[in-house]
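The chains referred to below are lettered A, B, ... by the order of the sequence lines, with proteins before strands, and numbering in each begins at 1.
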2 protein chains.
Amino acid sequence: MSQTPPPPLHLTAGRHTRPERTEGDLQHCLLCDRSRGGLCNGIDRDGLEALAHSSRRLILPPGSTMVEEGQSAESFFNITRGTVKLFKSLPDGRRQITGFADPGQFLGLSRSGLYAFGAETVDTVHACRFQRPQFEALLNDQPDLKRNLLAAVTDKLAEAQEQMLLLGRKTAREKVASFLLGRAQAEQTMLGDTPPDPTPVAPVPMTRVDIADYLGLTIETVSRTISALRREKLIASTENHSIRILLPEALRQIATGQTAI
Amino acid sequence: MSQTPPPPLHLTAGRHTRPERTEGDLQHCLLCDRSRGGLCNGIDRDGLEALAHSSRRLILPPGSTMVEEGQSAESFFNITRGTVKLFKSLPDGRRQITGFADPGQFLGLSRSGLYAFGAETVDTVHACRFQRPQFEALLNDQPDLKRNLLAAVTDKLAEAQEQMLLLGRKTAREKVASFLLGRAQAEQTMLGDTPPDPTPVAPVPMTRVDIADYLGLTIETVSRTISALRREKLIASTENHSIRILLPEALRQIATGQTAI
DNA sequence: CGTAGAGTTGATGTAATTCAAAAAATGTGG
DNA sequence: CCACATTTTTTGAATTACATCAACTCTACG
């Protein structure tokens, strides 16, 4: 059909925690039909062109602030590479990470016009930014986009409910097991239809601080718990910030509180 | 324009925790423009007729199951009176209440086709039920409805994020203070544009078990904490399952962790 | 007025935090 | 490429906020 795509134009410094992957020949910026949360499923070529036109590609180094809690919600983002953490904070600095946005996911919706959360890149992140008014216009023009967005937000809400169960009712061990399985699941989802790995890998580009703030624990408890799981040979650390899940079923039992120890 | 509306047709047993209020003369079942989450803001008369036509009024006694986790998501509900609790459970019975749905709010969205949560009435609840296919048709026919629903879900997501901060990072005292303020806020939102009460009332129709499962605490801790706040004259119990907030500003300070004690 | 369910209060236990320090990992400049 | 500085992670000991266990009180309702 066409030649090999040209190499990516923009490159920034910073370690890449995930192997490089070349994009397809379509030059718009959304990783569309690749993930279950894909916002442009079923949108026609013209629609995609319109989307590409009103968005701008961004490449952000690790630790960049994308959104600040309480600020005017001017932008809507779609993540195409890397991981973003979303969080809320208390005045004294205590912080709760409410979720991680991986490729194919969005962030930046707001009801009030102000962001209700902060967002920061975990590693090097590629994203598309839409300006709010233009994005709202797109939503009105493209009923499918609105539909997909509604589905995606519904999904996020279900995830949030699951996380509330974790935060309110699970033990440290159950929390960590759930987290690792969730990361492995996210990786699986991102890769698409590949055969299920008997010992899946959970990408963990975030620090212990981030994990602790996500699970409502301290870094020490996270560290101790991961060490214990490793000692018990349920997981094994691999290179470049990943953890291999050696016994997924056992870990699942732990994550759902179905184990005595 | 018209006479006094006829008295309500259906009545069920069970204490009413909120004074009776007669509906307007429009006979559809959604409490529309009354609350910020109103699903039919801006929908024209014809649209409202269509909505009314594809929904059915329900009156449910306290403790009724509306939705069961894992079951096929056949219905979508809009609450018009009373309070519903939404929750997720672990196999061993531990439970996390992820939210309370008050009048004007919806429940029953699902991405997967299965409910990701359970829902049970706290007190006597009036609701409108839509069958799923019909509701989806309505969504497609009424772009405003889809828009309102997207806004409402976005709101729910922000609420969920706030609750994650509470569950993961707040102390028992901060949790209870936040809960009471949230209930008072919900009441204020439901009442509409009334002058702000200097000592607002938080309706608490739910039991200590429910509060504990909402805050990720035990009933004993909830009880002790409420007693402490009462002893300190920050709150006062009133009749019929309500708590009056005597010092809202002080409680807000506690809720956001800005107090030493 | 008696009983059952809900709520409160007290005594004790413990999972996770806090405080502290060593060990690894990561980055930096010669 | 290797010493050195800095940050991150791990491990250990002591503390604590909340849970658990247990008993008592209140309220609603026949």
To the nearest Å, how far apart are [X] [atom1] and [N] [atom2]?
{"X": "Leu167(B)", "N": "dA17(D)", "atom1": "CG", "atom2": "P", "answer": "19 Å"}
{"X": "Met206(A)", "N": "dT9(D)", "atom1": "CE", "atom2": "P", "answer": "12 Å"}
{"X": "Glu220(A)", "N": "dA14(D)", "atom1": "CD", "atom2": "C1'", "answer": "13 Å"}
{"X": "Glu174(B)", "N": "dA17(D)", "atom1": "CD", "atom2": "P", "answer": "12 Å"}
{"X": "Leu215(A)", "N": "dA16(C)", "atom1": "CG", "atom2": "P", "answer": "12 Å"}
{"X": "Ile243(B)", "N": "dT8(C)", "atom1": "CD1", "atom2": "C1'", "answer": "14 Å"}
{"X": "Arg231(B)", "N": "dT8(C)", "atom1": "CZ", "atom2": "P", "answer": "11 Å"}
{"X": "Asp123(A)", "N": "dT26(C)", "atom1": "CG", "atom2": "C1'", "answer": "17 Å"}

May I ask you to verify if any side-chain N or O of [X] is less than 4.0 angstrom from the OP1 or OP2 atom of [N]?
{"X": "Arg173(B)", "N": "dC18(D)", "value": "no"}
{"X": "Ser227(A)", "N": "dT10(D)", "value": "no"}
{"X": "His241(A)", "N": "dT26(C)", "value": "yes"}
{"X": "Thr171(A)", "N": "dA15(C)", "value": "no"}
{"X": "Thr221(A)", "N": "dT17(C)", "value": "yes"}
{"X": "Arg208(B)", "N": "dT8(C)", "value": "yes"}

Using a strict 4.0 Å threshold on nitrogen-to-oxygen distance, state whether [X] and [Y] make a salt bridge.
{"X": "Glu232(A)", "Y": "Arg173(A)", "result": "yes"}
{"X": "Asp102(A)", "Y": "Arg183(A)", "result": "yes"}
{"X": "Arg169(B)", "Y": "Asp213(A)", "result": "yes"}
{"X": "Asp210(A)", "Y": "Arg95(A)", "result": "yes"}

Quick check: any donor-acceptor pair below 3.5 Å linking the side-chain of Arg224(B) to the base of dT20(D)?
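Result: at least one qualifying N/O pair found.
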Quick note, Ala172(A) side chain, CB onward, closest among dA16(C), dC18(D), dT10(D) is dA16(C)
Listed nucleotide nearest any side-chain atom of Ser223(A), set dG7(C), dT17(C), dT9(D):
dT9(D)
Using ring centroids (six-membered ring only for Trp), state whether Phe106(A) and Phe77(A) fall under 6.0 Å.
no
Using a cut-off of 4.0 Å on non-hydrogen atoms, how would the nucleic acid contact of Ile219(B) be classed: base, sugar-phosphate, or nothing?
nothing
With DNA chain D as reference, determine whether Ile226(A) or Arg169(A) sits nearer its 5' end, using the nearest nucleotide of each.
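Whichever sits nearer the 5' end wins; that is Ile226(A).
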